[in-house]
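Proteins get letters first, then strands, A, B, ... in listed order; numbering begins at 1 in each.
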Amino acid sequence: MKRTRAFIHTLYEVPKDAEVVSHVLLLRGGYIYPVAAGIYALLPLGHRVVENISIIVREEMNRIDGVELTMPVLNPAELWKETGRYYDIGDELIRLKDRKQREFVLAMTHEEVVTDIARKFIRSYRDLPFMLYQIQTKIRDEARPRAGVIRLREFLMKDAYSFHGDFNDLDKYYPKVYEAYRRIFERCGLRTAAIEADSGIMGGSGSHEFMLESPNGEDQFVICSLCGYQANTERAIGVKPGVEGLDDISSAPPLEKVHTPGVKTISDLMKFFEIDRGKFIKSVAYLADGRLVLAAIRGDFEISETKLRNRLKAIKMEIAPEEILIEKGYHPGFLSPIGINDPSVEVLIDSSLEYPAMMVAGANEEDYHYKNVVPGRDFDNSRTVDIAEVREGDVCARCGKGKLEIRRGIELGHTFKLGTKYTDEKSMNVTYLDDQGREQRVVMGCYGIGIERLMAAVVEKWHDENGIIWPVSVAPYDVYLIVIGKGESEKTLGERLYSELNSKFEVLWDDRQESPGVKFKDADLIGIPFRLVVSTKLMKENAVEIKVRQSGEVFRCAPEDVSARLEELKQGMKNSLR
RNA sequence: CGGGGCGUGGCGCAGUCUGGCUAGCGCACCUGCCUUGGGAGCAGGGGGUCGGAGGUUCAAAUCCUCUCGCCCCGACCA
């Protein structure tokens with residue numbers, strides 16, 4: 001391709017709306033064009049990268065017996081009502097009506113459609129297992145799109161769905177997907193951490209997120225440096241150290257009510273009582289799908305709303321509005337699990353309150369707290385749960401020794417063992433007859449990769465101050481050809497190399513009337529793996545020059561050897577991506 | 001949804017507080033000359049009505065009201 005025809009428009013200056021490095025470089029390099037918040041066009045260069053990524057994804061999906069298909073973005077609302085997601089998902093799901101006032105949604109994933117297709121055709125155990133996938137547009141009306149192409153409202157996703165005769169078969173297949181994901185990211189030049197994840201509203205029994213560690217990531221996960229335990233902070237469990245406690249509960253002084261006018265927060269209490277954060281019991285009331293829930297945790301921990309929501313299996317959860325509490329006779333700021341025997345209130349005690357200690361808690365009475373509170377004596381702590389946010393430095397719950405570190409990452413892929421969430425009789429009811437002629441329920445898994453986000457992640461990982469450094473596997477072109485010198489002989493040699501190399505490589509010839517400096521800068525910015533230079537000087541020595549973008553190495557060789565040399569270099573770089 | 005910031009030729013910005021000459025600068029773009037190993041030089045030139053609407057005023061990019069859009073932090077996130 002000649003540069004003058006390739007519709008490549010690079011920017012010298014950093015667009016003012018871009019802060020994240022991948023956003024800046026993809027805009028400057030002419031890869032993407034913003035159309036609206038969280039909605040981008042892929043310009044020709046970006047399109048080529050996405051195509052290359054898609055090829056890798058297809059190869060790996062096909063390798064684990066995936067079959068590609070295409071499903072529609074516009075979905076009838078009925079399907080989504082059938083699974084309940086029409087009601088469970090908020091404004092993120094775009095709902096609309098057609099000319100006949102029939103209700104539709106714009107699909108944010110395709111469980112509904114794929115399951116509908118599957119149930120139409122699955123009759124016998126002989127039809128199972130299988131895996132269907134597509135690379136297709138997803139629409140999500142994100143509250144806050146961000147970081148260029150990392151969090152979009154319209155994006156391409158490789159979504160895959162596997163169907164099995166039983167959980168056993170899913171468990172056998174799941175690791176294959178896991179390995180395929182690893183390979184996909186590695187072939188794109190990325191090393192990911194596969195972490196235990198929260199499965200959110202998708203439901204199911206197991207879930208992993210593939211994270212690229214990055215300062216521009218929006219997700220947090222923990223890693224144990226000792227045993228290698230990795231998990232999303234929404235799920236991670238840390239050992240909760242005890243506080244200075246009591247040896248013998250029976251020797252503890254009785255509860256004592258203290259007048260604490262207007263003292264509501266933990267920091268107010270710390271000042272009032274002059275004791276540590278960890279000696280207080282923090283109680284927060286939530287409204288979960290209409291139920292009132294009181295969650296209690298030690299003051300030096302924070303409640304993880306995700307863990308709490310999962311524990312309650314709640315779809316919608318919010319901090320209980322004050323009016324509701326007051327109406328029911330509770331006092332925000334002075335809540336505690338002590339003396340609550342209202343059957344309409346569910347009390348959850350975090351495991352940080354397992355330790356016997358003398359603590360301070362609300363008295364469930366306006367302007368009063370209790371001191372000398374002993375968990376287990378003054379309220380039931382025989383059944384505790386983990387609803388605490390993990391903290392940096394907490395001890396790893398798996399090995400019991402290592403310290404947990406919190407890292408930031410970009411979520412590139414997510415795999416779920418869905419189980420029967422969508423095939424259940426309360427959902428879409430998908431069954432088959434086993435070899436005994438008995439009806440059995442189909443078991444599912446689903447697996448997603450964000451394609452543009454993967455492109456952005458590659459840039460986050462592979463760039464320098466001059467621009468992008470594409471791995472050969474995804475680069476939009478292999479070779480950036482620059483001819484220096486105005487003479488006919490330079491031009492002729494350029495033509496010759498261009499047409500010769502074109503049969504084996506994707507060559508971008510910068511044929512613009514520009515100074516060499518401009519072309520060098522653009523070659524670096526766009527990030528093509530190899531730069532090939534023909535110049536007057538080099539021709540005197542019967543040589544051309546190859547510069548490797550990634551390493552900066554420069555090789556000279558005779559024009560007739562270029563093709564072989566490039567092939568060798570490219571193959572070497574490809575091999576290093578496995 | 002809460003908080004903050006920004007909208008002025010294609011891009012980056014100044015001008016706005018304190019209304020007033022023809023709205024300015026750099027880059028990009030066009031023409032000519034010159035130049036070809038890291039975003040060259042000289043000369044000439046084209047292009048904006050200041051996000052939008054309404055208002056105040058003799059006079060509005062500038063003041064007021066409403067509104068739209070974009071970015072960042074947070075909440076949310078299949």
Taking atom [atom2] of [N] as reference, at what distance in whole Å does atom [atom1] of [X] sit?
X	N	atom1	atom2	value
Y480(A)	G38(B)	OH	C1'	13 Å
D522(A)	A28(B)	CG	P	12 Å
R531(A)	G37(B)	CZ	P	13 Å
Y12(A)	G38(B)	OH	P	14 Å
R512(A)	C29(B)	CZ	P	9 Å
E13(A)	C13(B)	CD	C1'	8 Å
I39(A)	G69(B)	CD1	P	12 Å
H9(A)	G10(B)	NE2	P	15 Å

Original post:
So, does the side chain of S535(A) form a donor-acceptor pair with the base of G37(B) at under 3.5 Å?
Top reply: yes
**OP:** Go through the N and O atoms of the side chain of E545(A) and the base of G37(B), and report whether any donor-acceptor pair is under 3.5 Å.
**Re:**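 Answer is yes: a donor-acceptor pair is held.
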**OP:** Going by the ring pair (Phe, Tyr, Trp, His ring centres under 6.0 Å) test, name the single residue among Y477(A), Y480(A), Y31(A) that passes it with W470(A).
**Re:** Y31(A)
Report which part of the nucleic acid [X] touches: base, sugar-phosphate, or nothing (heavy-atom distance under 4.0 Å, all strands).
X	answer
P34(A)	nothing
D91(A)	nothing
L11(A)	nothing
V14(A)	sugar-phosphate
L538(A)	base

Subject >> Closest listed nucleotide, where the reference is the side chain of R28(A) and the choices are C29(B), G12(B), G39(B) >> reply: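 Minimum distance to the R28(A) side chain belongs to G39(B).
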Pairing check on [N]: which nucleotide meets the Watson-Crick or G-U wobble criteria with it, both distances under 3.5 Å?
N	result
A60(B)	none
C25(B)	G12(B)
G7(B)	C68(B)
C42(B)	G32(B)
G2(B)	C73(B)

Do [X] and [Y] pair up side chain to side chain, a donor and an acceptor below 3.5 Å, judged on atom types alone?
X	Y	answer
T109(A)	D159(A)	no
E460(A)	H463(A)	no
Q134(A)	T70(A)	no

Subject >> Under 4.0 angstrom between S515(A) side-chain N/O and A40(B) OP1 or OP2 >> reply: yes
Using the [atom1] atoms only, state how far [M] lies from [N], rounded to an integer number of Å.
N	M	atom1	result
A61(B)	A23(B)	P	9 Å
C6(B)	G51(B)	C1'	11 Å
G47(B)	A28(B)	C1'	12 Å
G3(B)	U16(B)	C1'	24 Å
C30(B)	C17(B)	C1'	39 Å
G55(B)	A59(B)	P	12 Å
A43(B)	C27(B)	P	12 Å
G39(B)	C29(B)	C1'	16 Å

Subject >> Base versus backbone protein contacts along nucleotides 71-76 of chain B [heavy-atom cut-off under 4.0 Å; B, S, -] >> reply: SSBBBB
Taking the six-membered ring of [Y], is the NZ or CZ of [X] close enough (under 6.0 Å from the centre) and on axis enough (within 45°)?
X	Y	result
R453(A)	F155(A)	no
R95(A)	F104(A)	no
K81(A)	Y87(A)	no

**OP:** Please determine if R153(A) and E142(A) form a salt bridge, counting it only when a charged side-chain N lies under 4.0 Å from a carboxylate O.
**Re:** no
**OP:** Could you tell me which residues satisfy salt bridge (charged side-chain N to carboxylate O under 4.0 Å, His left out) with D561(A), sequence neighbours excluded, listed by chain and number?
**Re:**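 In terms of salt bridge (charged side-chain N to carboxylate O under 4.0 Å, His left out), with neighbours along the sequence ignored, D561(A) is linked to no residue.
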